[in-house]
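Following: one structure in structure tokens, then a few remarks.
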Amino acid sequence: MAFNYWPFINKNKTTVEKDHQITVIPDHVAIIMDGNGRWAKQRGLPRIAGHKQGMDNVKHIVEVANTYDIKVLTLYAFSTENWKRPEQEVNFLMKLPQEFLSVYLPDLIKENVKIEMIGDIERLPKSTQKAINNAIEKTEHNTGLILNIAMNYGSRLEMVDVVKSIAEDVRSNKLTPDQIDEQTINQRLYTSHLPEPDLLIRTSGEIRLSNFLLWQLAYTEFWFTDAYWPAFSEHEFKQALLAYQQRKRRYGGLE
Ligand code: IPE
Ligand code: IPE
Ligand code: MG
């Protein structure tokens with residue numbers, strides 16, 4: 001049964017120590033947290049046990065990101081395609097933000113983390129919407145890491161929303177078609193107020209984007225690991241940061 005896992009929430013305090021080899025810090029790190037199901041399967045556990053462990057790991061990785069003064073951490077938690085999964089799993093995933101926040105919100109507030117969300121919140125259960133909105137409100141004035149959760153997020157849905165918004169403005173004569181440029185689109189993205197991701201990490205060995213931030217990742221550096229999300233550690237995160245600082249970003253130009 002799904003909620004038998006909650007009593008085992010492990011809130012052990014960890015201390016993250018800064019590695020001074022890491023000198024170039026990306027402003028915005030985006031992570032496709034993949035492999036929860038396989039992590040569980042490997043241990044003979046049901047998939048939802050992997051999601052629960054993955055949820056605890058979110059807190060740990062937030063601490064690491066905050067220690068390194070990363071400004072924004074965007075985490076892909078549920079895609080617009082994940083509704084295709086069995087109902088029991090979807091229901092469990094829908095409850096996760098609420099469970100996460102009921103356990104960790106007090107710590108996140110203390111740690112100066114600002115919670116935000118991208119995606120279509122309307123389709124989430126009312127109680128999940130409420131928990132997320134409450135966390136956004138309670139952390140609204142925090143000035144530390146922005147923890148941006150992508151929940152019921154799909155990049156194509158986001159683009160459809162952008163196109164609709166532009167079409168509305170053209171119809172009401174606020175905009176003419178020849179005025180449309182990249183800025184017009186940027187301003188309408190769910191991430192309009194955030195810098196573009198500098199580093200994208202995907203766990204679990206899959207090398208694809210799965211409908212994540214297609215526009216925003218145009219010049220992002222990618223880093224992949226075979227580690228499943230629940231096992232993605234501080235050490236792995238540091239490896240990604242070390243790799244990032246070796247990259248030469250040219251944006252189409254020359255060095
Ligand atoms: C990532 O883990 C979490 C979500 C997509 C919600 P998965 O549930 O995709 O785990 P695998 O990829 O099946 O192992
Ligand atoms: C991507 O993982 C979505 C999230 C991590 C939330 P999936 O497991 O859904 O991606 P695919 O199906 O392997 O592409
Ligand atoms: Mg997966």
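Counting starts at 1 for both ligands and their atoms, following the listed order.
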Discussion item. Can a side-chain donor-acceptor contact be found between N134 and E137 if the only test is distance below 3.5 angstrom?
Written reply: no
Worksheet item: Short question: side chain of W229, backbone of G54 - any donor-acceptor pair under 3.5 Å?
Response: yes
Item to complete: Considering only non-hydrogen protein atoms, determine which one is nearest to atom 10 (O) of ligand 1 and report residue, atom name and distance to 0.1 Å.
Response: G37 N, 2.9 Å
Worksheet item: Can you tell which of R38, R47, M151, E89 gets a heavy atom nearest to atom 14 (O) of ligand 1?
Response: R38
Worksheet item: Has ligand 2 got any nitrogen or oxygen that is less than 3.5 angstrom from a nitrogen or oxygen of S79?
Response: no
Item to complete: Check the side chains of H193 and E116 for a donor-acceptor pair under 3.5 angstrom, ignoring hydrogens and angles.
Response: yes
Worksheet entry | Test of proximity, Y76 against ligand 2: N or O pairs below 3.5 Å | no
Worksheet item: Nearest protein heavy-atom contact for atom 13 (O) of ligand 2: which residue, which atom, what distance?
Response: R208 NH2, 2.8 Å
Worksheet item: Under 3.5 Å between some N or O of ligand 1 and some N or O of W39?
Response: no
Response to the item:
At under 4.0 Å between heavy atoms, what of A77 touches ligand 1? The answer is backbone
Discussion item. If you count heavy atoms of other groups shown closer than 6.0 angstrom to CZ of R156, is the number above 12?
Written reply: no
Worksheet entry | Taking atom 1 (C) of ligand 1 as the reference point, the nearest protein heavy atom with its distance | M33 O, 3.0 Å
Discussion item. For a quick check under 3.5 Å, do Y104 and D56 share a side-chain donor-acceptor pair by atom type?
Written reply: yes
Discussion item. Minimum heavy-atom separation for A227 and E236, please, with both atom names.
Written reply: CB-OE2, 3.8 Å
Worksheet, complete the sentence: Of T225, I70, V16, the one forming a side chain to side chain contact (heavy atoms under 4.5 Å, CB included) with F237 is I70
Discussion item. What protein heavy atom lies closest to atom 9 (O) of ligand 2? Include the residue and the distance to one decimal.
Written reply: N82 ND2, 2.9 Å
Discussion item. Taking only non-hydrogen atoms of G35, do any sit less than 4.0 angstrom from ligand 1?
Written reply: yes
Discussion item. Can you tell me which portion of M55 lies within the under-4.0 Å heavy-atom range of ligand 1? Options are side chain, backbone, both, or neither.
Written reply: neither
Worksheet item: So which bit of E206 gets within less than 4.0 Å of ligand 1, heavy atoms only: side chain, backbone, both or neither?
Response: neither
Practice prompt. Return yes when atom NZ of K138 has more than 12 non-hydrogen atoms of other residues, nucleotides or ligands closer than 6.0 Å, and no otherwise.
Written response: no
Worksheet item: Between F78 and ligand 2, which part of the residue brings a heavy atom under 4.0 Å of the ligand: side chain, backbone, both or neither?
Response: backbone
Worksheet, complete the sentence: Answer key: the N, O or S atom of D34 nearest to the Mg ion (ligand 3) is OD1
Worksheet, complete the sentence: For H51, the ligand 1 atoms with a heavy-atom partner under 4.0 Å come out as 3 (C), 8 (O)
Item to complete: Check for a donor-acceptor pair, side chain of Y153 on one end and backbone N or O of E158 on the other, with a separation under 3.5 Å.
Response: no
Worksheet item: Going through the checks in order, is the salt bridge (Lys or Arg N to Asp or Glu O under 4.0 Å) test met by K59 and E63?
Response: CA-CA 6 Å; K59 180 59 174 56; E63 277 169 41; 2.7 Å; yes
Worksheet item: When clusters are formed by joining ILVMFWY residues with side-chain heavy atoms under 4.5 Å apart, either directly or through shared neighbours, do Y190 and I149 land in the same one?
Response: no
Practice prompt. Give the residue, atom name and distance (to 0.1 Å) of the protein heavy atom nearest atom 2 (O) of ligand 1.
Written response: N36 N, 3.1 Å
Practice prompt. Using a strict cut-off of 4.0 Å, indicate which atoms of ligand 2 neighbour a heavy atom of S210.
Written response: 1 (C), 10 (O), 11 (P), 14 (O)
Discussion item. For Q98 and T128, which I'm curious about, is there any donor-acceptor pair between the side chains at under 3.5 Å?
Written reply: yes
Practice prompt. Classify the contact between K41 and ligand 1 as side chain, backbone, both or neither, using a heavy-atom distance cut-off of under 4.0 Å.
Written response: neither
Worksheet item: Any idea which protein heavy atom is nearest atom 4 (C) of ligand 1, and the distance to it?
Response: R85 NH1, 4.0 Å
